[in-house]
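All remarks here apply to the structure that follows.
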Number of protein chains: 2
Amino acid sequence: MAKEKKSQQNTILDIAEALKLSPATISRALNNHPYVREKTKTAVLDMAAQLNYRRNQMASGLRSNKTHTIGLIVPRISMFFHAEVITTIQNNLHKHGFNLIICQSNDSLTMETALTEILFSSRVDALIAACTLFTTDFGHFDKLIEDGKPVIFYDRAPMTDHGATIIKGDDFNGGYLSALHLIESGCKRIAHISGPLTSNLYQNRSAGFFKAMETNGIEVNRDWIFHQELTHDNALSAIAKLFQSGTVPDGICTDNDSSAIAVLQFTKEQGIKVPEDLKIVGYSNDPRTAIITPSITTIEQFPKLVGDTIVRVLIDLLRNKEEGISVVTPPIITPVQLIKRMST
Amino acid sequence: MAKEKKSQQNTILDIAEALKLSPATISRALNNHPYVREKTKTAVLDMAAQLNYRRNQMASGLRSNKTHTIGLIVPRISMFFHAEVITTIQNNLHKHGFNLIICQSNDSLTMETALTEILFSSRVDALIAACTLFTTDFGHFDKLIEDGKPVIFYDRAPMTDHGATIIKGDDFNGGYLSALHLIESGCKRIAHISGPLTSNLYQNRSAGFFKAMETNGIEVNRDWIFHQELTHDNALSAIAKLFQSGTVPDGICTDNDSSAIAVLQFTKEQGIKVPEDLKIVGYSNDPRTAIITPSITTIEQFPKLVGDTIVRVLIDLLRNKEEGISVVTPPIITPVQLIKRMST
DNA sequence: TTGTATGCGTTATCAA
DNA sequence: TTGATAACGCATACAA
């Protein structure tokens with residue numbers, strides 16, 4: 001009878017046995033340890049391949065306290081900006097030998113908290129998070145930070161660093177540029193559909209908007225400023241309200257592209273001419289804005305650059321940690337750019 | 001001096017010590033084991049909360065050989081269909097107490113193989129995969145299957161089950177419906193832009209297309225059938241070729257929406273009237289098809305249904321495995337539906 | 001109902 | 001350069 005195997009899986013013990021070596025040597029060979037004879041190493045690698053060996057990540061992680069795995073939490077992977085950032089992060093991390101666990105919070109704080117727990121429980125080496133719009137208390141991330149795991153917030157980040165690194169777009173400038181563009185295009189009555197002020201994103205974009213208005217002496221009509229979840233329906237009701245009254249706007253800054261698209265659809269239904277009667281600016285450069293007629297002017301956020309920056313910073317942080325160096329990385333602001341299209 | 005702690009993290013030993021209980025009892029309490037006094041259980045849970053304890057997933061997984069983690073590989077998370085499927089899967093799995101590791105292959109077979117290795121190495125309890133268009137050899141999944149881990153292929157799946165479960169859309173019917181719709185709309189000269197025949201998706205969609213043509217006695221012009229990667233640029237060159245010759249098509253079935261959009265853009269540039277001169281059908285019901293002018297007729301694939309089905313089957317498989325039952329799940333075909341819009 | 005003892009597969013320390 | 005041994009944190013068979 002053949003020898004009974006407890007598990008289907010071959011382990012370093014199986015390799016050791018086959019090669020009449022100790023498990024320690026196998027482990028060293030597999031980890032490219034310097035003190036292994038070249039000949040031994042190749043023999044081990046060959047046998048590993050032959051036995052179809054795969055390292056047990058859990059055993060390795062348990063022992064070494066390193067998982068080579070990074071956790072990522074985003075509100076929604078289907079948002080164009082996030083999808084691009086994630087893809088960039090994953091590709092870059094892969095080159096550095098790290099894996100990425102991607103999680104969606106669905107913009108739910110409860111889910112975000114649960115996911116943070118799970119990722120902590122999985123002992124990820126670091127965490128990258130774009131928070132929900134409603135995350136004002138960042139306490140659920142403290143556990144990781146206290147444990148010395150690098151935490152990077154991007155896009156939707158706390159106002160203070162909390163011991164984490166913050167990488168975000170230049171939202172103030174984005175808000176400023178879009179309002180300025182409308183002003184320079186001759187708009188006098190400018191409305192603004194923005195998101196919940198619980199998020200720094202919209203605080204900053206709105207601040208930029210107001211700055212442009214003020215600098216150029218354009219009066220702000222408080223009834224024309226909306227802070228609400230940036231859904232299609234909310235945008236529709238906002239624009240409907242705007243066009244109910246006697247004076248109607250001749251320009252509108254929306255803080256995401258879905259809202260801009262909703263506004264544009266409203267104008268089509270109502271026979272309002274864009275850009276003649278109303279000029280529209282979106283935010284994010286979602287592919288839909290380029291495809292719709294008329295195409296929509298929007299703010300490019302350079303997701304690939306954001307992703308590259310995140311990984312660069314992360315690798316630095318991990319390397320520093322490895323060497324026992326503790327450096328606080330100051331917040332990084334990534335640039336934005338106005339993309340002019342037919343809606344203005 | 002206070003006692004030195006090796007690690008930052010509290011373990012069940014810390015809870016045990018604090019409560020003057022054995023680690024075994026703590027473990028049982030934490031796992032809702034029946035043989036624990038109610039009072040003990042609450043005491044343990046309280047202390048766990050107080051000590052900010054989080055289970056070490058790796059230690060737990062190493063011991064129990066279960067990770068409560070499911071791996072997922074998709075070509076691109078940014079594709080609308082996949083983003084929807086993933087979201088549904090993640091939400092459903094979360095309810096069942098499973099976590100999801102999402103990975104992107106970027107439609108690269110090399111990456112897909114590497115990711116499969118990593119997920120195996122992480123000892124996921126099961127794997128869900130939508131393969132690349134170029135995956136014809138599914139050997140890299142064998143390791144998991146041999147190890148008794150359920151593997152579910154969806155969307156892009158092998159022709160034979162290989163011991164895995166297959167869940168896919170009714171591509172034949174999708175191809176059939178779109179061609180039939182063009183025929184019923186009066187098209188006589190129908191072109192077809194499809195994907196690489198290495199993928200079952202396009203084999204089936206094309207077969208459906210041909211079936212509709214044949215059944216209705218419409219002649220197929222072999223020069224008008226394209227099998228190529230379904231990129232924007234490839235679609236542009238295909239449609240350009242179609243409109244070079246004397247006879248031009250009056251209808252076109254494209255096997256994804258990006259191609260349909262490219263075709264539509266070509267017609268706009270060339271002044272070809274849609275739907276009068278050319279009718280266009282896409283595939284997938286990407287949100288862009290609803291937004292573009294004219295909106296594009298396409299095939300709905302019900303991603304939420306697909307996601308629900310995948311999780312239902314997966315939970316069944318895991319439960320059966322738990323109980324030692326070995327059932328082969330036959331392939332499941334999910335329905336598709338034609339969405340009529342302005343492009344036809 | 002609780003405690004004791006053992007092992008999951010790997011890595012690290014020490015000794016050879 | 002390699003081997004023996006212990007330890008990572010947890011879950012479970014067995015004993016009490």
Side-chain angles (χ1 to χ4, degrees), chain A residues 4-44 47-48 51-69 120-125 147 322, chain B residues 4-44 47-48 51-69 120-125 147 322:
Chain A
E4 297 281 340
K5 286 282 290 287
K6 297 147 238 164
S7 156
Q8 296 284 1
Q9 285 320 309
N10 287 323
T11 70
I12 54 172
L13 268 83
D14 296 303
I15 303 179
E17 195 178 340
L19 255 35
K20 305 289 171 213
L21 285 169
S22 77
T25 305
I26 311 300
S27 175
R28 281 188 282 254
L30 256 21
N31 289 303
N32 243 316
H33 190 96
Y35 291 160
V36 181
R37 217 185 341 154
E38 202 55 43
K39 210 177 140 196
T40 312
K41 193 185 290 182
T42 47
V44 169
M47 184 53 75
L51 293 180
N52 221 345
Y53 168 82
R54 299 290 177 279
R55 166 190 280 119
N56 184 322
Q57 189 67 239
M58 287 180 299
S60 169
L62 176 60
R63 183 59 235 247
S64 65
N65 207 25
K66 267 181 228 146
T67 57
H68 301 285
T69 297
F120 177 80
S121 210
S122 303
R123 300 295 192 270
V124 289
D125 287 345
D147 199 36
E322 193 82 8
Chain B
E4 297 280 340
K5 287 283 291 289
K6 297 146 240 164
S7 155
Q8 296 284 2
Q9 285 320 308
N10 287 322
T11 71
I12 55 171
L13 268 82
D14 296 301
I15 303 180
E17 194 179 340
L19 256 33
K20 304 289 171 210
L21 285 168
S22 77
T25 305
I26 310 299
S27 174
R28 281 189 280 253
L30 256 20
N31 289 305
N32 244 317
H33 190 96
Y35 291 161
V36 181
R37 210 172 1 139
E38 201 55 42
K39 209 177 141 193
T40 313
K41 193 184 291 182
T42 46
V44 169
M47 183 54 74
L51 293 180
N52 221 346
Y53 168 83
R54 299 290 178 279
R55 167 191 279 120
N56 185 321
Q57 189 67 239
M58 288 179 301
S60 169
L62 177 59
R63 178 60 231 252
S64 65
N65 207 25
K66 267 180 227 146
T67 57
H68 301 285
T69 298
F120 177 81
S121 205
S122 303
R123 299 296 193 269
V124 289
D125 288 344
D147 198 35
E322 193 83 7

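In what follows, every heavy atom counts, from backbone to side chain, and hydrogens, waters and symmetry copies are set aside. Throughout, protein chains are lettered first and strands after them, A, B, ... in sequence-line order, and every chain is numbered starting at 1.
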*In terms of side-chain heavy atoms of A:R37, which of D:dT1, C:dT11, D:dG3 is nearest?*
D:dT1

*asked:* Looking only at the side chain of B:T11 (C-beta and beyond, no hydrogens), which of the listed nucleotides C:dT10, D:dC10, D:dT1 gets closest?
replied: D:dC10

_Using the side-chain hydrogen bond (donor to acceptor under 3.5 Å, both in side chains) criterion, which residues pair with A:T42? Sequence neighbours excluded._
none

If I take atom [atom1] in residue [X] and atom [atom2] in nucleotide [N], what distance separates them, rounded to the nearest angstrom?
X: A:I26; N: D:dT2; atom1: CD1; atom2: C1'; result: 11 Å
X: B:N65; N: C:dG7; atom1: CG; atom2: C1'; result: 13 Å
X: A:H33; N: C:dT10; atom1: NE2; atom2: C1'; result: 15 Å
X: B:L13; N: D:dA11; atom1: CG; atom2: P; result: 12 Å
X: B:L19; N: C:dT1; atom1: CG; atom2: C1'; result: 15 Å
X: B:R55; N: D:dT12; atom1: CZ; atom2: P; result: 10 Å
X: A:K20; N: D:dT2; atom1: NZ; atom2: P; result: 17 Å
X: A:D14; N: C:dC8; atom1: CG; atom2: P; result: 11 Å

For a quick test of your reading: what N or O donor-acceptor pairs under 3.5 Å do the side chains of residues 34-41 of chain B make, sequence neighbours left out?
from: B:K41; atom 1: NZ; to: B:N32; atom 2: OD1; distance (Å): 3.0

Can you find a side chain N or O atom of [X] that sits less than 4.0 Å from OP1 or OP2 on [N]?
X: B:S22; N: C:dG3; value: yes
X: B:Y53; N: D:dC10; value: yes
X: B:R123; N: C:dC8; value: no
X: B:S60; N: D:dG9; value: no

*Select base, sugar-phosphate, or nothing to describe what B:L21 touches, counting heavy atoms under 4.0 Å on all strands.*
sugar-phosphate

*Are A:T67 and B:M58 side-chain neighbours, meaning at least one heavy-atom pair lies under 4.5 Å?*
yes

*Identify, between A:M58 and B:T25, the residue whose nearest nucleotide on DNA chain C lies closer to the 5' end.*
B:T25

*State, to 0.1 Å, how close B:F120 and B:D147 come at their nearest heavy-atom pair, and which atoms those are.*
CE1-OD2, 3.9 Å

*Nearest non-hydrogen partners of A:S27 and A:I12, listed with the distance*: CB-CD1, 4.4 Å

*Could you pull out all residues at least two apart from B:R63 that satisfy salt bridge (charged side-chain N to carboxylate O under 4.0 Å, His left out)?*
none

*Applying salt bridge (charged side-chain N to carboxylate O under 4.0 Å, His left out), name anything that partners A:R55, two or more places apart in sequence or on another chain.*
none

*Degree of bending in the helix from C:dT1-D:dA16 to C:dA16-D:dT1 once both end axes are built from five pairs, to 10°*: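 The helix from C:dT1-D:dA16 to C:dA16-D:dT1 shows an end-to-end axis angle of 30°.
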
*Using the side-chain contact (heavy atoms from CB on, under 4.5 Å) rule, take A:V44 and A:L30 through it: C-alpha gap first, then chi angles, then the decisive distance, then the call.*
CA-CA 7 Å; A:V44 169; A:L30 256 21; 3.7 Å; yes

Could you go over nucleotides 12-16 of chain C and give all protein N or O partners under 3.5 Å, atom names and distances?
from: C:dA12; atom 1: O4'; to: A:R63; atom 2: NH2; distance (Å): 3.2

*Examine distances only and state if a side-chain atom of B:T11 and a backbone atom of B:L13 form a donor-acceptor pair shorter than 3.5 Å.*
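Answer holds: yes.
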
_OG on B:S64 to CG on B:N31, rounded to 0.5 Å_ = 8.5 Å

